[in-house]
Amino acid sequence: QVQLVESGGGLVQAVGSLRLSCADFQRTFSRYNIGWFRQAPGEEREFVAAITWSGGSTYYADSVKGRFTISRDNAKNTVYLQMNSLEPEDTALYYCAAGRFGITPNDYYYWGQGTQVTVSS
């Protein structure tokens, strides 16, 4: 069983940066591809970025390409999402998920509880 815990969210001003972390305390997720999604109030859950189990391939939504970077350290059972040049439109609850290397929520089997990111203008 994979249990994911996100951290690193908070309140930041526009053009600022945050780094989110996604940790698996069961230490099994090195076998899984990991995705980050976000959901703003009243909106559907939206794909942000994904990384394969080895870290060899990554994929980004167009809206974050060039600003966000996904990476992983399997020795630490942690995946990171470095978010730079944040915009108010990035405000959302951010989730990490483990599963297939895909861009839809149905591609992922295990989900964390989310961490809130709020970007002020």
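When a residue number appears, it is its place in the shown sequence, counting from 1. Bear in mind that the values here come from a model prediction, so they are computed numbers and not experimental data.
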Going from [atom1] on [X] to [atom2] on [Y], what distance comes out if it is rounded to the nearest 0.5 angstrom?
X	Y	atom1	atom2	value
E46	Q39	CD	CD	10.0 Å
Q116	L11	CD	CG	9.5 Å
F37	Y108	CZ	OH	5.0 Å

Pairing residues for [X] by the side-chain hydrogen bond (donor to acceptor under 3.5 Å, both in side chains) criterion, not counting sequence neighbours:
X	result
Q3	Q26
D62	K65
Q82	N84
N33	none

**Asked** Quick check: are there more than 12 heavy atoms from other residues, nucleotides or ligands sitting under 6.0 Å from CH2 of W53?
**Response** no

**Prompt:** Is it the case that more than 12 heavy atoms not belonging to Q113 sit under 6.0 Å from its CD atom?
**Reply:** no

Check: residues 94-102 side-chain donor-acceptor pairs under 3.5 Å, at least two apart:
residue: Y94; atom: OH; partner: R38; partner atom: NH1; Å: 2.9
residue: Y94; atom: OH; partner: D90; partner atom: O; Å: 2.6
residue: R100; atom: NH2; partner: D107; partner atom: OD1; Å: 3.2

**Request:** Report the residues that fulfil ring pair (Phe, Tyr, Trp, His ring centres under 6.0 Å) with Y80, sequence neighbours left out, ordered by chain and then residue number.
**Result:** none

**Request:** Treating Ile, Leu, Val, Met, Phe, Trp and Tyr as nodes and any side-chain heavy-atom pair under 4.5 angstrom as an edge, say whether L20 and I34 lie in one connected cluster.
**Result:** yes

